[in-house]
Student: 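Dropping the structure in here first, questions after.
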Amino acid sequence: MSAESTPDPAIPGPGQSRPTGPGHRGKGRRRRPRTGRRKALLVAAWSAAGIVVLGGTGAGVLYFKLNGNLTSVDIDAALGADRPEKADNGSENILVLGSDTRSGGNKELGGGTDDGTARSDTAMIVHVYKGHKKASVVSIPRDTLIDRPDCTDTDGDEHPAAEGVMFNSAYSTGGAACAVKTVESISGLRMDHYLEVDFSGFQNLIDDLGGVQVTTTEDIKDPDSHLDLPAGTHRLDGEQALGLVRTRHGVGDGSDLGRIQLQQAFVKALVHQVKDIGLLGNPKKLYDIADTATKTVTTDSDLGSVNSLMSFASGLKGIGPDKMNMVTMPVVYDPADPNRVLLEKNKADQVWTALKNDRPIPESATKGTATGEAEGVVNAGE
């Protein structure tokens with residue numbers, strides 16, 4: 001079954017109109033919320049924690065084992081020269097992607113069927129500003145209807161362009177290379193690096209960290225994701241954390257946008273946790289986390305060694321949760337199909353222009369766009 005045939009429910013906000021964008025929408029009616037378990041992966045949480053950890057591992061006798069864990073893909077060779085120019089202002093853009101394969105350990109965690117496909121359930125553009133002291137993170141909703149460009153995957157297979165398809169179809173169609181090209185087509189930004197992780201890796205990483213503490217401001221109960229959290233402070237283990245970042249029916253308006261807001265809040269809690277647990281004083285925990293992280297990550301070829309990943313990580317360790325601005329790509333609900341969202345092009349252009357010029361994203365870029373109504377439900381635990 002293709003990604004386009006497995007829609008998630010969404011509830012449109014009042015007074016929102018169709019923006020400029022793909023205009024070939026068939027009329028539809030609002031679907032009732034599905035009860036099947038939906039899949040989401042907070043890959044940015046892995047990125048924030050795992051990369052910071054790797055920055056302190058050192059080489060030593062562990063280098064060859066950790067290096068052998070890594071998987072990389074040659075994005076540059078697949079995409080060729082037809083790409084946005086690299087920024088020359090000292091900034092970097094990283095596409096952080098969560099892949100939802102249905103095989104191996106992910107089949108049990110995701111609750112889906114192993115149909116031979118993979119989907120991108122979480123996608124974030126991480127823009128690291130010049131000096132590597134702060135970052136902006138732009139989440140791309142998986143349900144966004146976009147015009148996907150033609151692309152060539154890393155096996156050399158060509159895939160034709162498609163109009164009005166879900167964003168996450170790019171990955172299921174042509175893998176990492178097609179996902180990167182689609183993001184570059186939408187944003188006009190060159191992706192300098194690519195990072196990908198899966199369900200089982202996320203859960204194992206949280207367990208290796210000893211859990212992550214969060215505070216919920218309201219009860220969150222979602223049988224679909226096996227989550228039952230009363231309002232208050234909790235230390236989440238890996239299974240609970242996965243349930244939190246996957247839930248959508250338990251908070252906000254029940255849409256994927258609300259789930260993104262929970263994911264963004266959890267990223268900050270996780271970064272806070274990593275900085276507070278003193279990993280460098282605990283060699284065994286440090287190794288366990290580094291081993292888990294390198295086993296579950298896929299990178300672009302430039303980051304495909306422990307040395308390269310360590311060097312990259314060392315430039316990110318100064319970015320704390322208070323230096324991370326997290327937003328969702330400006331979208332509105334599609335009036336023709338409330339299970340989908342459409343790019344709000346004028347506001348999105350404000351985001352891309354700011355990042356292209358290494359400037360903060362203006363508040364006006366996200367004002368009045370669809371949100372998911374779950375802001376403030378989850379915060380870093382005290």
Student: Do L145 and D334 have side chains that approach each other closer than 4.5 Å (heavy atoms only, starting at C-beta)?
Tutor: yes
Student: Quick check: do V245 and T122 have side-chain heavy atoms less than 4.5 Å from each other?
Tutor: no
Student: Is D237 reaching over with its side chain to a backbone N or O of E239, donor-acceptor style, under 3.5 angstrom?
Tutor: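 Judged by distance alone, yes, a pair lies under 3.5 Å.
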Student: Applying salt bridge (Lys or Arg N to Asp or Glu O under 4.0 Å), can you list everything that pairs with K86, at least two apart in sequence or on another chain?
Tutor: D192
Student: S139 versus M326: any side-chain heavy-atom pair under 4.5 Å?
Tutor: no
Student: Would you say that Y129 contacts N325 through its side chain, given a criterion of any heavy-atom pair below 4.5 Å between the two side chains?
Tutor: no
Student: V378 versus L244: any side-chain heavy-atom pair under 4.5 Å?
Tutor: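 Yes. Closest side-chain heavy atoms under 4.5 Å.
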Student: Has the side chain of T216 got a donor or acceptor atom that lies under 3.5 Å from a matching backbone atom of P230?
Tutor: yes
Student: Under the side chain to side chain donor-acceptor pair (under 3.5 Å) test against H159, which residue among D153, T173, T152 passes?
Tutor: D153
Student: Can you tell me how far the CD atom of E184 sits from the CG atom of L79, to the nearest 0.5 Å?
Tutor: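 Reported value, rounded in 0.5 Å steps: 6.0 Å.
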Student: Check this for me: D82, atom CG, are more than 12 non-hydrogen atoms of other residues, nucleotides or ligands nearer than 6.0 Å?
Tutor: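 Counting other residues, nucleotides and ligands, CG of D82 stays at 12 neighbours or fewer.
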Student: Is there a donor-acceptor pair closer than 3.5 Å between any side-chain N or O of D300 and the backbone N or O of Y194?
Tutor: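 It does hold such a pair.
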Student: So which atom in N93 and which in H127 form the shortest heavy-atom distance, rounded to 0.1 Å?
Tutor: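 Taking N93 first and H127 second, the nearest heavy atoms are OD1-ND1, 2.7 Å.
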Student: With heavy-atom distances below 4.5 Å as the criterion, would you say the side chains of V183 and M191 are in contact?
Tutor: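 SC-SC contact between V183 and M191 confirmed.
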Student: Report the distance from atom NZ of K356 to atom CD of E85, rounding to the nearest 0.5 Å.
Tutor: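 Rounded to the nearest 0.5 Å, the NZ-CD separation comes to 9.5 Å.
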Student: Using the side-chain contact (heavy atoms from CB on, under 4.5 Å) criterion, which residues pair with K347? Sequence neighbours excluded.
Tutor: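 Residues passing side-chain contact (heavy atoms from CB on, under 4.5 Å) with K347: P330, E344, Q350, T369.
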Student: Closest approach of A170 and C178, non-hydrogen atoms and distance?
Tutor: O-CB, 3.4 Å
Student: Measure the spacing between CD of Q203 and OG1 of T292 and express it to the nearest 0.5 Å.
Tutor: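 Rounded to the nearest 0.5 Å, the CD-OG1 separation comes to 11.5 Å.
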Student: So, do V377 and L262 sit near enough that their side-chain heavy atoms are less than 4.5 Å apart?
Tutor: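 Result yes, sub-4.5 Å side-chain heavy-atom pair found.
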Student: How about R148 and S169: does a side-chain donor come under 3.5 Å of a side-chain acceptor?
Tutor: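 S169 and R148 do have a side-chain donor-acceptor pair below 3.5 Å.
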Student: Distance-only, no hydrogens or angles: does the N357 side chain make a donor-acceptor pair with backbone N or O of R359 under 3.5 Å?
Tutor: no
Student: Nearest 0.5 Å, what's the OH-OG1 distance between Y171 and T182?
Tutor: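 Spacing of OH (Y171) from OG1 (T182) equals 13.0 Å.
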Student: Of all the heavy-atom pairs spanning D207 and G238, show the shortest one and how long it is.
Tutor: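 Shortest heavy-atom separation between D207 and G238 comes out as OD1-N, 2.7 Å.
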Student: Is K268 reaching over with its side chain to a backbone N or O of M324, donor-acceptor style, under 3.5 angstrom?
Tutor: yes
Student: Identify the two heavy atoms, one from A123 and one from L97, that lie closest to each other, and give their separation to 0.1 Å.
Tutor: CB-CD1, 3.6 Å
Student: List the steps, then state whether side-chain contact (heavy atoms from CB on, under 4.5 Å) holds for V138 with V351.
Tutor: CA-CA 9 Å; V138 183; V351 175; 3.9 Å; yes
Student: Regarding D76 and R83, does a basic nitrogen lie under 4.0 Å from an acidic carboxylate oxygen?
Tutor: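 Counted as a salt bridge, because a side-chain N and a carboxylate O are separated by less than 4.0 Å.
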Student: Yes or no on side-chain contact (heavy atoms from CB on, under 4.5 Å) for V341 and L257, after CA distance, side-chain angles and deciding distance?
Tutor: CA-CA 9 Å; V341 294; L257 299 177; 4.3 Å; yes
Student: Tell me every residue that passes ring pair (Phe, Tyr, Trp, His ring centres under 6.0 Å) with H193, counting only those two or more places apart in sequence or in another chain.
Tutor: F312
Student: What distance separates S308 OG from N67 CG, expressed to the nearest 0.5 Å?
Tutor: 8.5 Å
Student: If every non-hydrogen atom of G232 is compared with every non-hydrogen atom of H234, which pair is closest and at what distance?
Tutor: O-CD2, 3.2 Å
Student: Just how far is it from atom OG1 of T299 to atom CG of L195, taken to the nearest 0.5 Å?
Tutor: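 It is 6.5 Å, given to the nearest 0.5 Å.
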Student: If you take all heavy atoms of L236 and Q240, which pair is closest and at what distance?
Tutor: CA-OE1, 3.4 Å
Student: Do V297 and T71 pass the side-chain contact (heavy atoms from CB on, under 4.5 Å) test, and can you show the C-alpha distance, the side-chain angles, and the key distance before you say yes or no?
Tutor: CA-CA 7 Å; V297 68; T71 300; over 6 Å; no
Student: A side-chain contact here means heavy atoms from C-beta on lying under 4.5 Å apart; do R235 and V212 qualify?
Tutor: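 Of all side-chain heavy-atom pairs linking V212 with R235, none is under 4.5 Å.
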Student: Verify, without hydrogens or angle tests, whether D358 (side chain) and K130 (backbone) share a donor-acceptor contact under 3.5 angstrom.
Tutor: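 Side chain of D358 to backbone of K130: a pair is present.
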Student: Go through M329 and I186 one step at a time and tell me if the side-chain contact (heavy atoms from CB on, under 4.5 Å) criterion holds.
Tutor: CA-CA 10 Å; M329 183 179 74; I186 293 172; 4.1 Å; yes
Student: Tell me yes or no: between the side chains of N339 and D143, is some donor less than 3.5 Å from an acceptor?
Tutor: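 No.
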